[in-house]
Every structure is written in structure tokens, then in C-alpha cells.
There are 2 protein chains.
Amino acid sequence: MVNGLAHAELIAVLVAVTDNDPRVMTVNAGDALPSGPFESEHRSLQSGLRVWIESQTKHPVGYLEQLYTFGDRDRTPSAEGVGGQARQISIGYLGLVREQDALGADRPQWRGWYDYFPWEDHRTARPEVLGELYARLHHWAQGDELRCQRINFLFGQNGMAWNEDLVLQRYELMFEAGLTENFIQSGVQGFGRVMTGDHRRILATGIARLRAKIKYHPVVFELMPDCFTLLQLQRTVEALSGLPLHKPNFRRQISQQELIEETGEMSGDMRGRPAKLFRYRNDIVEARALTSVRLPVSR
Amino acid sequence: MVNGLAHAELIAVLVAVTDNDPRVMTVNAGDALPSGPFESEHRSLQSGLRVWIESQTKHPVGYLEQLYTFGDRDRTPSAEGVGGQARQISIGYLGLVREQDALGADRPQWRGWYDYFPWEDHRTARPEVLGELYARLHHWAQGDELRCQRINFLFGQNGMAWNEDLVLQRYELMFEAGLTENFIQSGVQGFGRVMTGDHRRILATGIARLRAKIKYHPVVFELMPDCFTLLQLQRTVEALSGLPLHKPNFRRQISQQELIEETGEMSGDMRGRPAKLFRYRNDIVEARALTSVRLPVSR
DNA sequence: TTTCTTAATTCTCACTTTGAGTACATTTTC
DNA sequence: GAAAATGTACTCAAAGTGAGAATTAAGAAA
């Protein structure tokens with residue numbers, strides 16, 4: 001028995017926002033996330049994945065961050081055959097691609113991520129699925145107090161506010177309740193598109209990470225074109241977070257962070273008053289831009 | 001050539017706070033973090049590590065979280081021999097152990113983490129090392145504007161505030177500047193204790209993660225005994241963050257979150273007025289307790 | 001031209017959260 | 001009993017946030 005030997009695979013959640021909708025790169029007609037073996041000639045995991053993605057997709061990847069390493073035994077039921085001894089380990093990455101670089105984003109590999117998680121898009125209204133979802137979850141809960149509290153908390157019911165960050169927890173609750181892949185494949189509508197293995201869970205991990213990250217780190221700009229209006233920026237953040245934002249307050253928040261500057265040009269193509277164009281300030285020191293959560297420090 | 005085959009190793013940053021000092025579990029007289037091969041009989045990475053840690057250390061691990069997966073080629077220069085083909089992949093975990101369970105915390109495996117990062121402890125004063133550290137960093141920077149900005153930002157110089165979260169970035173800057181392992185082993189004092197390979201970097205990753213996490217997730221309580229006073233809690237947070245906290249404001253912040261409740265008992269062993277004892281409320285729903293960063297949501 | 005529509009941009013104001021410090025209470029130690 | 005040490009409760013100004021009104025600038029319709 002070879003201890004510690006495993007098949008290592010890299011798997012990417014590649015995100016772009018086009019037409020105000022967040023999209024994710026898929027393979028097999030939307031059935032899986034792109035992945036490949038970790039080849040040992042690469043210098044590091046990160047650079048290995050970058051090279052591999054760029055050769056596969058032709059899209060330059062601006063931002064790349066490790067998500068999570070998945071290694072549960074029962075993840076991929078079909079993975080038994082790979083050698084008998086060695087386990088499968090998948091290292092997930094989150095990558096961001098600029099709209100302008102994602103040309104061909106209409107090509108079928110790019111799928112709107114709300115196709116997979118329809119209950120996560122609260123931009124215009126509470127998604128309709130939530131009604132049936134609540135019903136089925138509560139049916140599963142069978143009156144168990146803790147389960148009910150968890151449902152209410154995660155899905156913003158019963159006076160609790162919807163928290164957009166809890167994508168993964170919501171998916172995992174649904175998984176526990178038997179409302180994911182097998183259930184959907186039995187023909188139920190509205191609970192999202194399925195993926196192979198645990199790819200949808202990895203996607204949920206990526207969405208959750210990105211939603212949390214945009215709040216304290218200026219990664220949104222990795223998804224924006226060089227020049228953009230404040231409304232375009234707002235629409236992008238809305239697309240990612242799945243929430244409608246308050247325009248004046250959004251613009252106040254952005255401008256006081258001093259992360260962007262006017263280009264001097266105006267956008268002309270739209271209806272209504274033309275908007276100023278902005279660009280991300282690239283004279284910002286690396287990590288400078290974090291809205292830190294504060295402890296009550298003394299002195 | 002076997003593609004995708006790798007040696008997988010689990011590596012743990014196990015933290016406990018005793019005597020108001022954060023400590024980390026080590027092996028080899030403080031030279032390395034505990035680690036071991038990922039054995040394929042485990043159900044998942046997480047459970048594998050938990051079993052392994054608890055059998056090795058006899059400490060129950062309350063909280064366990066994946067940190068990062070390290071796989072750079074040049075990480076461990078000595079790891080060439082392991083088989084010629086397969087790469088080494090290390091999956092790092094952060095684990096928290098309660099003070100009461102870390103009895104024997106005086107045993108030499110538990111080391112104060114500021115032994116490894118003396119410049120990170122700002123509880124009583126700016127650490128003295130910072131003077132020499134600045135000097136050496138600026139000497140390395142050689143006037144390069146970007147490098148200087150980065151130094152000032154990371155080390156809170158030149159009007160910038162010290163940010164306790166940037167542990168990893170600071171370590172990596174020092175690494176770039178050649179102020180880590182080899183440098184220290186050449187006999188320089190005050191730049192911290194070294195570890196084998198990149199273990200000190202993994203420790204920095206763990207500290208950084210924990211410092212960030214305590215601000216929006218109630219993980220501190222995983223380090224506290226069942227009953228504690230508010231000052232004990234404050235001292236623990238101070239120990240982890242390396243900052244002195246404002247007592248009245250800290251207690252206000254804690255009490256309005258309603259995460260703890262009075263036990264009704266009082267602490268008796270200390271000098272001065274006895275303090276109320278509190279316990280963590282275990283009727284809190286799992287994730288309920290997060291101080292979320294807000295976007296300017298509309299409606 | 002005038003008016004309507006759409007969107008950009010600026011301001012206001014109440015309310016909440018923080019930073020910082022003060023005052024007072026209750027115990028042990030000298 | 002006074003001093004020292006700690007616990008606990010307030011106060012108050014400054015900063016930050018949520019919600020919305022008001023104003024400006026363009027094209028389109030009447």
C-alpha cells in the first residue's frame with residue numbers, strides 16, 4: 001500500500017461578467033468545470049494552472065486564487081478505477097477574466113452562473129423557486145427546531161435578512177436535504193442545472209468566495225474593461241452579489257476609497273445623460289486597498 | 001512519466017492560547033510543524049487529519065479549517081529523493097485547541113508563536129526589532145519607490161497604521177529581501193526562530209488566517225475554557241491579534257453581539273473586584289454569528 | 001421649441017456605529 | 001482604612017450608513 005500517493009487534479013472556476021451577467025467557463029456543454037491533471041513540469045500549482053488555462057481557453061487570466069482542496073472519498077463515485085490505490089485530490093482555483101478578453105463569451109462554454117443556482121439572484125425580485133424550496137426544505141426538516149432555524153437563517157426567511165455570502169452553506173443544506181443532483185435529474189424543474197461529480201459544489205465555493213471578496217478587496221476591477229462608468233461598475237457588483245444596490249450610496253462608497261480616477265472622457269453610446277468614464281488606479285500599492293474590519297484597538 | 005501523481009502530505013498549524021500567549025504545536029524541538037502522509041483509508045482530508053492529530057497529540061481539536069495547499073517545486077529542496085517522478089503537495093490546516101485541553105502546554109512542543117515572528121507582537125509596545133528590520137528592508141529597497149511604499153504599508157511606517165492581518169505579506173516581503181531562514185541561520189539575532197523548509201511560511205499563513213477570522217466569526221471561543229471572564233476573553237483576542245484593546249469598547253462590542261451569556265457565577269481567584277463568568281451560547285445557529293461587511297443594498 | 005424620458009450626479013438628514021475617555025463599584029493587599 | 005487592582009456603566013463627539021429628494025444633462029417625442 002502506497003501511503004500518501006494521490007492523483008492530483010487542478011480544477012478551475014473561471015468567471016467573467018458579460019451583459020451584466022456573471023458567467024462561468026464550462027466544458028461538456030455546461031456539464032463540468034474545466035480541469036486537468038497537475039503536470040509535474042510546472043513550477044508551482046498556480047503557474048501550472050495559469051499556463052494550462054490560457055492554452056486551453058485563449059483567455060488571459062487576470063486574477064487567480066486558490067479556492068479549496070477537495071479530497072473526500074465519496075466525491076466522485078466513478079473515480080474508483082484510476083488505480084485502485086491512489087486517491088483523487090482536486091485543487092480548486094478561482095480565476096477572473098476581463099469582459100474584453102472574454103470575447104466569444106457568447107460561445108456555449110460560458111454559462112450564466114445563475115443557471116446553476118437560480119435562487120441566488122435577488123437583483124430584481126426574490127426568485128420564484130424559493131417558495132417551493134422552502135416547502136421542500138421544511139418538509140425535510142420535519143419540525144426539527146435546529147434544522148428550521150438553519151433554513152430560516154440561510155434562506156432569509158422568518159424575519160431574517162438574506163445574506164448573499166452563504167452560497168455554499170445553502171447548497172450544502174440542500175445537498176443534505178436531498179435536493180441536488182439526483183433529485184434534479186429525476187426531472188424537477190427550477191432547482192438549477194446539474195454538473196458532474198461535485199463540480200456544482202466547487203462552483204458554489206467559488207461564487208461564495210468571490211461574493212465575500214469583493215467587499216474588502218478590489219477584485220471587481222479584474223472583471224472590468226479598462227474604462228467604465230460608475231453604473232457599469234455597479235451592475236457588475238450587482239451581478240456578482242445578486243443584490244440590487246443603492247446608486248448614490250454605491251457611488252459614495254466607491255469614490256471615497258479613491259481606487260479609481262476619471263479618464264476625462266465621457267460615455268456616449270447610452271440614452272440619458274452621458275457618464276464620466278473612470279479607470280482603476282494602477283498606482284495603488286498592492287494590498288493597500290482593503291477596507292479592514294476593525295477591532296476596538298486602544299491608543 | 002506519471003502525470004498527476006503526487007505525494008500528498010497533511011500539515012497542521014495547531015494553536016492554543018495559554019497564559020495569554022498564543023502557542024503553536026511543533027515537532028523536532030520547535031523546528032517543524034507536525035505533518036504526515038495523507039493516508040488513503042481516511043474518509044476525507046479533514047477527518048484524516050483530525051484522527052491523526054488526536055492520536056499524535058492526545059489533544060481534542062475543536063475547530064479545524066483548511067488553510068492552503070502548497071505545491072511549489074522549490075519549496076523543499078530536500079524533497080527531490082522521494083521518488084523522482086511524483087511531486088510533493090502539502091495541504092495545510094489550521095486547528096484550534098482549548099486551553100483546558102492543552103494541558104501539558106508547558107511541554108516543549110508548544111511554542112509561543114511570537115518566537116517565530118517577534119515583530120508581530122504589538123500588545124505592549126512596538127517591538128524593538130522593527131528598527132533594524134526597517135533599516136535592512138530599506139537597504140534592500142535601494143530607493144525603489146514601489147518597494148518603499150510596500151515596506152511602509154506593510155510595516156506601518158511613515159504615517160501608515162500597523163495592520164495586524166498582513167502577517168503573511170510581511171513574511172513574504174522579508175523573504176524577498178533575503179531576511180529569512182538562511183539569513184537568520186547566519187547568526188543574526190531578533191529576526192525570529194527558523195523552521196525547516198517553508199514551515200514558517202505556513203505558520204504565517206495560519207496566523208494571518210486566524211487574525212482575520214476572529215473579526216467576523218466567533219472562533220475565539222474555540223480557544224476559551226467553558227467559563228471565562230470578559231477580561232480573559234479580551235486577553236485571548238489581544239494575544240492572537242497582537243494588539244492592545246480598549247476595555248470598555250471591547251466589552252460593548254462583545255455584549256451587543258449576544259454570543260455569550262452569564263453563568264451566574266463569579267471568578268474568585270484574582271486580585272481586585274471579582275468578575276462575572278460567561279459562557280459561549282451553544283444555542284447559536286451555526287453560522288448565525290457573523291458580523292457581515294455590508295454592500296450599499298437598496299430597498 | 002417645449003416637454004418627456006432616461007440616466008448621472010449631488011445633497012440632505014436621521015440614525016447607527018465607533019473611538020476615546022470618565023466615573024464609579026467592589027474586591028484584595030498593605 | 002487607604003491603596004491598588006480590577007470590573008462595570010456611562011458620556012459624547014466623530015465618522016460611517018441607509019434612504020431618499022433634488023438637480024443636471026442629454027436624446028426623443030409632441
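Below, chain A is the first sequence line, B the second, and so on; all start at residue 1.
In this structure, the CZ atom of A:F250 is 15 Å from the C1' atom of D:dT17, given to the nearest Å. Taking atom NE2 of B:H246 as the reference point, atom P of C:dG21 lies 7 Å away to the nearest angstrom. As rounded to whole Å, 11 Å separates atom C1' of C:dT9 from atom CD of A:E262. Nucleotide C:dA20 holds its P atom 13 Å from the CG atom of A:L295, rounded to whole Å. Taking atom CD on B:Q256 and atom C1' on D:dT8, their separation rounds to 16 Å, with Å as the unit. We find that CE of A:M266 is positioned 11 Å from P of D:dG27, with the value rounded to whole Å. The CZ atom of A:F228 sits 14 Å away from the P atom of C:dA8 (whole-angstrom rounding). Atom CG of B:L245 is separated from atom P of C:dG21 by 15 Å (rounded to the nearest Å).
You'll find that the side chain of A:R271 is closest to C:dT6, out of D:dT17, C:dT6, D:dA9. Side chain of A:L231, nearest nucleotide from C:dT18, C:dA7, D:dG7: C:dA7. Side-chain proximity of B:P248 to the nucleotides D:dT6, C:dT22, C:dT9 is greatest for C:dT22. Taking only side-chain atoms of B:L230, from C-beta outward, the nucleotide of C:dT9, D:dT8, C:dG21 with the closest atom is D:dT8. The side chain of B:N249 lies closest to C:dA20 when the candidates are C:dT9, C:dA20, D:dA5.
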Candidate pair B:D121 and B:R126, rule salt bridge (Lys or Arg N to Asp or Glu O under 4.0 Å), full reasoning: CA-CA 8 Å; B:D121 185 3; B:R126 291 213 123 201; over 6 Å; no
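In terms of polar N and O atoms assigned as donor or acceptor, the side chain of A:R252 never comes within less than 3.5 Å of the base of D:dG16 in a complementary pairing. Put simply, the side chain of B:R273 and the base of C:dA25 share a donor and an acceptor less than 3.5 Å apart.
Within the structure, a side-chain polar atom (N or O) of A:K247 is placed less than 4.0 Å from OP1 or OP2 of C:dA8. The phosphate of C:dT9 (OP1 or OP2) has a side-chain N or O of A:R251 nearer than 4.0 angstrom.
In the model, B:Y134 has no side-chain atom that pairs as donor or acceptor with a side-chain atom of B:E132 under 3.5 Å. With 3.5 Å as the limit, one finds no donor-acceptor pair spanning the side chains of A:Y171 and A:Q169.
Taking for each of B:F278 and A:P274 the nucleotide of DNA chain D with the nearest heavy atom, the 5'-most of the two is the partner of B:F278.
Remark: A:R123 fails to qualify as a cation-pi partner of A:W162 under the 6.0 Å distance and 45° angle criteria applied to the six-membered ring.
Within 6.0 Å of CD in A:E128 there are 12 or fewer heavy atoms belonging to other residues, nucleotides or ligands.
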